[in-house]
Colleague: 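Have a look at this one before I ask anything.
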Amino acid sequence: MRKESLGSPIPMEDESELLALRRARLDTWRELGIDPFGEAYPGAEGCRQVIENYADDRPVRIAGRLISKREMGKNVFAHIQDETGKLQVYAQVQGLGDKFAFWKLLDIGDFIGGEGTLFTTKTGEKTVRLSDLRILSKSLRPIPSQWYGLSDVEQRYRQRYVDLIVSEDARRVLLLRSRIVCEVRRFFEAKEFTEVETPMMQTVAGGAAARPFVTKHNALGIDLYMRIAPELYLKRLLVGGFTKVFEINRNFRNEGISRRHNPEFTMLEAYWAYADFEEMSRLVEELITSVAQKVMGTLQVGGRAASEDGIVAALPPIDLTAPWPRKRYHDLVKTAAGEDWFTITHQERRERCAALGVEISPAMEDFEVTNQIFEKLVEAKTRNPLFVTHLPKELVPLARQNTADPSVVDVFELIIGGQEVAPGYSELNNPVVQRQRLEAQAGEEQQNLDEDFLAALEYGMPPAGGIGIGIDRLVMTLTGAESIRDVILFPLLKPKPA
RNA sequence: GGCUCGGUAGCUCAGCGGUAGAGCAGGUGACUCUUAAUCACUUGGUCCAAGGUUCGAAUCCUUGCCGGGCCA
């Protein structure tokens with residue numbers, strides 16, 4: 001019964017007492033000549049607005065969802081809630097007249113509208129004394145307890161709308177996400193970048209190494225791939241003469257789901273002609289600090305403040321104060337694994353991994369063993385922002401090689417809170433080298449080569465810097481959310497069997 | 001994919017071989033400044049599913065489904 005009630009419509013003859021009672025109230029409203037799914041109710045102030053613009057006896061018009069009710073015979077206190085917050089309303093028999101009887105028919109969860117004047121209760125809460133009350137929409141299902149909330153994570157994600165009704169924290173984080181995206185756009189606009197939209201359905205899924213989702217175009221009779229990255233199209237725009245472009249949109253990767261991975265996720269990519277990875281690192285630093293300051297109001301982020309839901313910081317806050325350190329990959333590995341790391345033998349490195357508690361598999365190449373050291377001993381332990389620069393070229397095959405040291409590439413990886421938040425490159429614009437790299441990457445599957453992209457590069461792409469920022473992870477970092485599902489409104493879950 | 005934890009009333013949870021429980025929500029009644037309102041009475045369950053063990057299974061075993069965490 002419990003699971004049945006989650007998503008599927010409940011058969012009338014089988015419904016629980018709670019649902020039957022609410023359904024029966026529909027008829028009672030209709031007998032009163034009132035449509036319980038009423039018409040528009042324009043002109044209501046937001047709950048927070050009412051409180052912020054408080055003045056004794058000021059007339060107000062309000063609307064929201066009824067979330068609590070305290071009936072005391074001939075008067076009632078209740079709270080309504082909207083996107084902006086909660087507001088207490090108060091009703092007395094002599095104030096509402098016949099409409100006072102509506103309280104008997106109202107259930108927690110119903111949408112109501114009303115008019116009245118403001119006053120302050122003897123305990124100091126700003127409250128609306130109602131002179132008019134109407135039902136705007138009937139709720140036929142009980143909402144979870146206001147006090148205990150919804151702690152069943154599965155139900156929170158499957159029925160986010162219920163989570164949003166009940167959880168202050170879910171509302172806070174998801175609204176912050178929207179504000180963060182908004183401020184990112186404003187930042188780029190102020191820097192005179194042009195926002196563009198490039199194909200989400202592509203004939204070749206390029207720009208990253210990931211398994212794509214495949215779909216079919218019926219009229220053209222071809223397979224299309226949901227994009228795994230917008231990179232190759234944004235670079236075509238550099239060829240076409242755009243100098244500063246960015247895109248914020250969804251990428252799709254047909255891979256596992258975890259605390260940090262959702263099959264569709266939001267990516268920001270930006271390309272800047274004539275810039276390099278160092279210029280891009282300054283751009284990212286300024287972007288993230290200014291967004292944090294504007295949205296969170298502080299550069300100390302991620303430490304989770306105690307909330308209504310009792311969630312408290314598990315880790316100390318992250319300090320985003322700029323400038324952020326830049327350190328070379330080789331130097332970081334040497335600090336973590338020993339100054340002699342790059343001079344000792346293959347066998348000695350494996351022994352040292354064991355001594356340092358870093359797990360490796362026998363099949364790993366040397367650079368992979370080194371990267372395990374980096375990931376476990378540097379990346380995972382880095383809390384405050386760190387730009388790791390000059391990665392070995394094997395790890396980043398599509399970036400430009402360093403002029404002085406061709407074994408490394410001109411890139412950075414920005415690490416915050418133990419995870420990679422943003423890579424940045426000096427982009428490869430040599431079409432001959434790019435073709436070699438892409439051919440090597442495609443291996444046997446040469447049909448996966450994006451010939452049109454290579455043709456574009458042959459027309460000439462200016463030197464450019466590029467960055468990618470996983471928006472979901474950025475939001476996690478700034479809000480302190482521990483799962484990507486907490487920053488995505490409707491994360492993907494396997495459907496329940498019927 | 002591997003390991004591990006979980007799924008009991010609308011919600012939050014207890015019960016872990018011997019009649020299915022609590023708080024809140026809901027229902028009835030009382031109550032004109034409550035705010036987790038209070039007081040009295042009270043309804044509500046295919047214990048995720050299917051097999052098995054047992055005189056007896058929510059509880060033990062097996063398999064499956066869904067979810068969380070860790071690992072790959």
Side-chain angles (χ1 to χ4, degrees), chain A residues 1-8 10 14-25 28 51 66-81 85-97 100 103-110 118-130 139-159 162-163 165-168 211 255-261 308-310 314 357-364 368 372 375-376 380 418 482-486 491-498:
Chain A
M1 176 59 78
R2 174 170 175 273
K3 294 299 167 188
E4 197 175 288
S5 73
L6 277 182
S8 50
I10 289 160
D14 200 32
E15 69 187 7
S16 79
E17 187 192 356
L18 288 173
L19 299 173
L21 268 159
R22 289 189 172 217
R23 216 173 265 279
R25 294 224 165 114
T28 315
I51 291 165
L66 186 65
I67 55 161
S68 68
K69 191 167 70 158
R70 295 170 292 285
E71 289 178 278
M72 292 168 296
K74 297 190 175 63
N75 66 351
V76 176
F77 282 95
H79 275 94
I80 62 167
Q81 171 178 282
K86 289 175 185 153
L87 178 65
Q88 183 167 252
V89 297
Y90 175 61
Q92 294 164 292
V93 170
Q94 69 263 44
L96 269 182
F100 188 83
W103 287 109
K104 281 280 158 224
L105 300 177
L106 288 172
D107 288 303
I108 288 171
D110 291 352
L118 292 179
F119 76 106
T120 303
T121 64
K122 73 176 185 190
T123 51
E125 181 162 353
K126 290 161 182 169
T127 302
V128 180
R129 178 182 277 111
L130 292 175
S139 167
L140 292 179
R141 295 187 186 219
I143 62 176
S145 148
Q146 285 293 314
W147 184 246
Y148 291 106
L150 191 57
S151 73
D152 179 341
V153 282
E154 183 177 351
Q155 199 183 344
R156 288 187 47 224
Y157 298 143
R158 281 192 198 283
Q159 295 186 284
V162 176
D163 187 31
I165 293 169
V166 165
S167 169
E168 166 80 33
R211 187 136 54 102
E255 294 174 350
I257 296 177
S258 81
R259 205 159 63 83
R260 292 179 179 180
H261 299 87
E308 266 188 13
D309 304 80
V358 173
E359 283 180 37
I360 50 168
S361 74
M364 281 181 176
E368 292 173 306
Q372 280 298 107
E375 286 184 5
K376 303 292 183 225
E482 285 177 5
S483 168
I484 195 168
R485 290 173 163 181
D486 293 328
L492 185 70
L493 269 77
K494 200 166 177 176
K496 285 275 195 189

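Every chain is numbered from 1 and lettered A, B, ... according to where its sequence line falls, protein lines coming before strand lines.
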Colleague: Does a side-chain N or O from A:Gln155 land closer than 4.0 Å to OP1 or OP2 of B:C11, or not?
Modeller: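 Checking B:C11 against A:Gln155, a side-chain N or O does come within under 4.0 Å of OP1 or OP2.
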Colleague: Taking B:C48 as the reference, what is the distance to B:C33 when you measure between their P atoms (whole Å, please)?
Modeller: 45 Å
Colleague: Quick check on B:G10: is either OP1 or OP2 less than 4.0 Å from any side-chain nitrogen or oxygen of A:Arg141?
Modeller: no
Colleague: May I ask which nucleotide in the shown strands pairs with B:G45, Watson-Crick or G-U wobble, both distances under 3.5 Å?
Modeller: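 In the structure as shown, B:G45 has no Watson-Crick or wobble partner.
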Colleague: Students often get this wrong, so: under 4.0 angstrom with heavy atoms, is A:Ser151 touching a base, only sugar-phosphate, or nothing?
Modeller: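 Sugar-phosphate contact only.
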Colleague: In whole angstrom, give me the gap between the C1' atoms of B:A57 and B:G69.
Modeller: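 My reading of the C1' atoms in B:A57 and B:G69 gives 29 Å.
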Colleague: Which nucleotide sits closest to the side chain of A:Asp152: B:U12, B:C31, B:G69?
Modeller: B:U12
Colleague: Does A:Arg158 reach the side chain of A:Lys496, with side-chain heavy atoms less than 4.5 Å apart?
Modeller: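 Yes - at least one pair of side-chain heavy atoms lies under 4.5 Å apart.
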Colleague: Whole angstrom is fine here: how far is it from NE2 in A:His261 over to P in B:C70?
Modeller: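 Taking atom P of B:C70 as the reference, NE2 of A:His261 is at 12 Å.
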Colleague: Quick one, A:Glu71 and A:Val76 - any side-chain contact, counting heavy atoms below 4.5 Å?
Modeller: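 In short, these two side chains touch, coming nearer than 4.5 Å.
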Colleague: Side-chain contact test, heavy atoms from C-beta onward, threshold under 4.5 Å: evaluate it for A:Glu255 versus A:His261 and give yes or no.
Modeller: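 No; the side chains remain at least 4.5 Å from each other.
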Colleague: Using a distance-only criterion (donor-acceptor N/O pair, under 3.5 Å, no hydrogens), is the base of B:U34 paired with the side chain of A:Glu71?
Modeller: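 Result: no qualifying N/O pair found.
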Colleague: For a quick check of understanding: with a heavy-atom distance under 4.0 Å over all strands, which category does A:Phe119 fall into, base, sugar-phosphate or nothing?
Modeller: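 Counting heavy atoms under 4.0 Å across all strands, the contact made by A:Phe119 includes a base.
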Colleague: Select one nucleotide: of B:U32, B:C66, B:C24, the one nearest the side-chain heavy atoms of A:Ser145.
Modeller: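 Nearest listed nucleotide: B:C24.
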Colleague: Under 4.0 angstrom, heavy atoms only, what part of the nucleic acid is A:Arg129 near: base, sugar-phosphate, or nothing?
Modeller: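 Base: the residue A:Arg129, judged by heavy atoms under 4.0 Å, touches a nucleobase.
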Colleague: Once you apply the 3.5 Å cut-off to both distances, tell me the Watson-Crick or G-U wobble partner of B:A36, or none.
Modeller: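 B:A36 is paired with nothing.
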Colleague: Using a 4.0 Å heavy-atom cut-off across all strands, classify A:Arg259 as base, sugar-phosphate, or nothing.
Modeller: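 If one applies the 4.0 Å heavy-atom cut-off, A:Arg259 turns out to touch the sugar-phosphate alone, with no base involved.
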Colleague: Contact class for A:Lys122 (heavy atom, under 4.0 Å): base, sugar-phosphate, or nothing?
Modeller: base
Colleague: Between B:G44, B:A72, B:C66, which nucleotide has the shortest distance from any of its atoms to the side chain of A:Glu17?
Modeller: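 Side chain of A:Glu17 sits closest to B:G44.
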Colleague: Any strand is fair game: report the nucleotide pairing with B:C24 by Watson-Crick or G-U wobble, both distances under 3.5 Å, or none.
Modeller: B:G10
Colleague: Think A:Arg70 has a side-chain N or O under 4.0 angstrom from the OP1 or OP2 of B:A37?
Modeller: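 Affirmative; the distance criterion is met.
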Colleague: Figure out the CZ/C1' separation between A:Arg158 and B:C66, and round it to whole Å.
Modeller: 6 Å
Colleague: Tell me which nucleotide, if any, is Watson-Crick or G-U wobble paired with B:G1 when both distances must be under 3.5 Å.
Modeller: B:C71
Colleague: In this structure, how many angstroms lie between the P atom of B:C13 and the OH atom of A:Tyr148, rounded?
Modeller: 10 Å
Colleague: Quick one: which of B:C11, B:G67, B:G26 gets closest to the side chain of A:Ile108?
Modeller: B:G26
Colleague: Counting only Watson-Crick or G-U wobble pairs whose two distances fall under 3.5 Å, which nucleotide matches B:U54?
Modeller: none
Colleague: Can you find a heavy atom in the side chain of A:Ser139 that is under 4.5 Å from one in the side chain of A:Asp107?
Modeller: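 Not in contact.
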Colleague: Please classify the nucleic acid contact of A:Glu125 as base, sugar-phosphate, or nothing, using heavy-atom distances under 4.0 Å.
Modeller: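 Result for A:Glu125 = base.
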Colleague: Distance check needed: B:G45 P versus A:Leu19 CG, whole Å only.
Modeller: 13 Å
Colleague: Both distances under 3.5 Å, Watson-Crick or G-U wobble: report the partner of B:C16, or none.
Modeller: none
Colleague: Taking only side-chain nitrogens and oxygens of A:Lys496, does any of them come within less than 4.0 Å of OP1 or OP2 of B:C66?
Modeller: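 So the side-chain polar atoms of A:Lys496 never come under 4.0 Å of the phosphate oxygens OP1 or OP2 of B:C66.
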Colleague: Got a salt bridge between A:Arg156 and A:Asp486, using NZ or NE/NH1/NH2 to carboxylate O under 4.0 Å?
Modeller: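 Yes, this pair counts.
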Colleague: Measure across A:Val166 and A:Gly149 and return the closest heavy-atom pair with its distance rounded to 0.1 Å.
Modeller: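 Nearest heavy atoms, A:Val166 then A:Gly149: CG1-CA, 3.3 Å.
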Colleague: Have a look at A:Leu493 and say if it touches a base, only the backbone sugar-phosphate, or nothing, with a 4.0 Å heavy-atom cut-off.
Modeller: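 Answer is sugar-phosphate: A:Leu493 comes under 4.0 Å of backbone atoms only.
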Colleague: Given atom CG of A:Leu18 and atom C1' of B:G45, what is their separation to the nearest angstrom?
Modeller: 12 Å
Colleague: Does the structure show A:Phe77 stacking with B:U34, if we require the centres to be closer than 5.5 Å and the planes to be within less than 30 degrees of parallel?
Modeller: yes
Colleague: Check the distance between B:C11's C1' and A:Ile143's CD1 and give it to me in whole angstrom.
Modeller: 10 Å
Colleague: Considering only heavy atoms from C-beta outward, does the side chain of A:Gln94 approach that of A:Lys74 to under 4.5 Å?
Modeller: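 No, side chains not in contact.
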Colleague: Could you check whether A:Arg25 gets within reach of a base, just the sugar-phosphate, or nothing at all, counting any heavy atom under 4.0 Å?
Modeller: sugar-phosphate
Colleague: Roughly how far apart, to the nearest Å, are B:U53 and B:U63 at atom C1'?
Modeller: 15 Å
